[in-house]
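All figures in this text were calculated on a predicted structure; none of them were measured in a lab. Residue numbers start from 1 in every chain, and the chains themselves are labelled A, B, ... in the order their sequence lines are given, proteins ahead of strands.
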2 protein chains.
Amino acid sequence: MNRRVTVRDVAAEAGVSQATASRVLAGNESVDPALARKVQEATRKLGYTANVMARALRTQHTGTIGVVVPSISNPYFISVVEALEGVLAETQRSLILCDARDSPAIEADRIALLLGRMVDGLIVIPVSATDSAEALRSASGQRPVLQFDRYVASAGTDFIGTDNRDGLRQMIEHVRALGCESFAYVGSRATTSTAVERLEAFRALASTPHLSEHWELLGEYNVDWGLEAGRRLLDSGALPDAIICSADLIAVGVLTVLKDAGVRVPDDVKVVSYDDSMMGRITSPTLTSVRQPVEEMAREAIRLLDGGPGQSSARKCIFTPQLIVRESTGAEPE
Amino acid sequence: MNRRVTVRDVAAEAGVSQATASRVLAGNESVDPALARKVQEATRKLGYTANVMARALRTQHTGTIGVVVPSISNPYFISVVEALEGVLAETQRSLILCDARDSPAIEADRIALLLGRMVDGLIVIPVSATDSAEALRSASGQRPVLQFDRYVASAGTDFIGTDNRDGLRQMIEHVRALGCESFAYVGSRATTSTAVERLEAFRALASTPHLSEHWELLGEYNVDWGLEAGRRLLDSGALPDAIICSADLIAVGVLTVLKDAGVRVPDDVKVVSYDDSMMGRITSPTLTSVRQPVEEMAREAIRLLDGGPGQSSARKCIFTPQLIVRESTGAEPE
DNA sequence: TTGAAAGCGCTAACAC
DNA sequence: GTGTTAGCGCTTTCAA
């Protein structure tokens, strides 16, 4: 646990000034090739790596962006992180990740942490449409901030998301085409923009004038809620023709309960879901699910972030998702 | 995007020296209550938050530890991160997470990044038993470093892990008790300590003098490899009585292929796995899997890290895992 | 091209 | 109890 090796050490070893060493390390300044080589060698010999914090203190940027997700155990969020990581790697940058554990307080804390560590920008999937606003707003006063997937209007930051309404439309048209006329919606409580938009779209689309009844079960974005909701559905007596789940995590729970009760999917009831995460490919049956174009969204997110703060007002960029049909609505096993 | 507000600003606003302001902010020094109040007010009025990097540059610690995992999409690693996060939260600390994307080069890079950001310590699940050594060794010269789950002996750091040999013993004894006599092992190539230990244990335990044949399929820790291995098993003609998988991710792939081929688990073949991650609870059938005591391991990890570098030599702390029996070896559906 | 020196925002000696 | 000052490791004027 030796003292860190600093530019000063490198400079001494190479027999040049600190400034020269720094120039060589930066690469872009004009330095005598001979001296440059000496510095390179010293660097290698001493195993020098720059202290990012000290450098950042000076330059005000770090080549890292901070990412805060509501829950690290949601595979959809993980896929977002991986996509962002890929895009950043193209420009030699990296990301540091924090988990808000579904708590606005922890989220605010992590945002402050990242800001204090001088990330060049922040990408946040907000925990709450209301309680996340303040932290986002105050952060956006210091660094470019972009909301991803979920939108908090009052935060006043740029936003990348998808058309949840259209996603729901695709789900419902698909099962209607299969003959379904009654629907249950199993989603999360309306605490996020995605939850609100999906629920409203469901309400608008699920019932037509002359037919179909529908019902709604609202909880959280996790497997346990899916299990619970599945049980309630079963206890209520009659099942709908189709169960519309607002996330794969939830659908997984629902599917499990259905299976245990001997209900056959898709024969007895169809199940459609949202996210198209890895989970939906390992369940039995596999899940028909709405895929969001995560890679493209990630690329656009970094582009916006790099563009600095929105010129005048916050920019919104909405992508169109696409339904992927699998066994839970009757696709043949691959 | 205003200029940051600094202690200097707060001090000026409160009409005291920078040092006094800093003392008040630190809290533990003795300061005239009247002045203290002024500083508090100025802080609030200006919306001051300390710059963690500047502070760290001075104090050499940050209240954050860095965690590097081989792959963020492996739910077992995610469970480790969540456990660590919980333990750190108890002492108002937090963690920043980096994904090595299964590459020793990226891993080295992330370790340097974290070190440059002055984390107080590093917990690493190494990507490779050989290629991760250098980065770990050099990091351990600067900060306390602890290896978790996988061990790189030459790195010379402390280690927290589980007894993989015993895990395998439990798996095999369990299926033997169920009458299985021939086994296939589907694991990852021997590039990590866990892969090596599990494979060796399998070899030592799977064949007894008078009966049973066995075979080995070695690939990666992911679902695709499980799919591939499952296909090979099927193509080879006869199936073993039991398939021993070295990770849930792999078992999930194997199970999928088996299901598609109409092979019944556990009737036709038993499947046992390792990790007891969430995945194993959503597959059909659910997976019998070896659970590692992640919470306790996390707590011990932080304890070791806090204890500073190993007094003399590297400390190793080995926990005992436990087999959880589920449907894939015949447990009744909950 | 190179070096000396200032300063990013903060804390900790050391003086008063 | 409070202020002055040095310096954490780095980059970047400004002179030479």
Any carboxylate oxygen within less than 4.0 angstrom of a Lys/Arg side-chain nitrogen, looking at Glu300(A) and Arg303(A)? yes

In whole angstroms, the gap separating P of dT2(D) from CG of Leu35(B) amounts to 5 Å

Using modelled atom types and a 3.5 Å cut-off, is there a donor and acceptor pairing between side-chain atoms of Ser79(B) and backbone atoms of Tyr76(B)? yes

Letter by letter from the 5' end, nucleotides 11-16 of chain D scores (B base, S sugar-phosphate only, - none; protein heavy atoms under 4.0 Å) BBB---

Do we see a donor-acceptor contact under 3.5 Å between the side chains of Thr62(A) and Arg117(A)? no

For a quick check under 3.5 Å, do Arg8(B) and Thr6(B) share a side-chain donor-acceptor pair by atom type? no

With a 3.5 Å distance limit and no angle check, can you tell me whether Arg150(B) reaches the backbone of Pro126(B) through a side-chain donor-acceptor pair? yes

Indicate whether any N or O donor in one side chain lies under 3.5 Å from an N or O acceptor in the other, for Glu220(B) and Ser188(B). no

How close or far is atom P of dG3(C) from atom CG of Asp32(A), stated in whole angstroms? 10 Å

Pair Ser94(B)-Glu85(B), side-chain donor/acceptor within less than 3.5 Å: no

Integer-rounded Å distance: dC8(D) P and Asn51(A) CG: 12 Å

Terminal axis angle for the helix from dT1(C)-dA16(D) to dC16(C)-dG1(D), five pairs an end, nearest 10 degrees: 50°

Could you give the CE-to-P distance, from Met118(A) to dG9(C), as a whole number of Å? 7 Å

How many Å lie between CE on Met53(B) and P on dG7(D), as a whole number? 22 Å

To the nearest angstrom, how far is Gln60(A) atom CD from dC10(D) atom P? 16 Å

Neighbour count >12 (heavy atoms, 6.0 Å) for atom CD, Glu134(B): no

Between dG9(C), dG3(C), dC10(D), which one does the side chain of Thr6(B) approach most closely? dG9(C)

Starting at atom CZ of Arg8(B), determine the distance to atom C1' of dT4(D), rounded to an integer number of angstrom. 12 Å

Just how far, in rounded Å, is P of dC8(C) from NE2 of His61(A)? 16 Å

Residue pair Ser103(B) / Arg101(B), side-chain donor-acceptor N/O under 3.5 Å: no

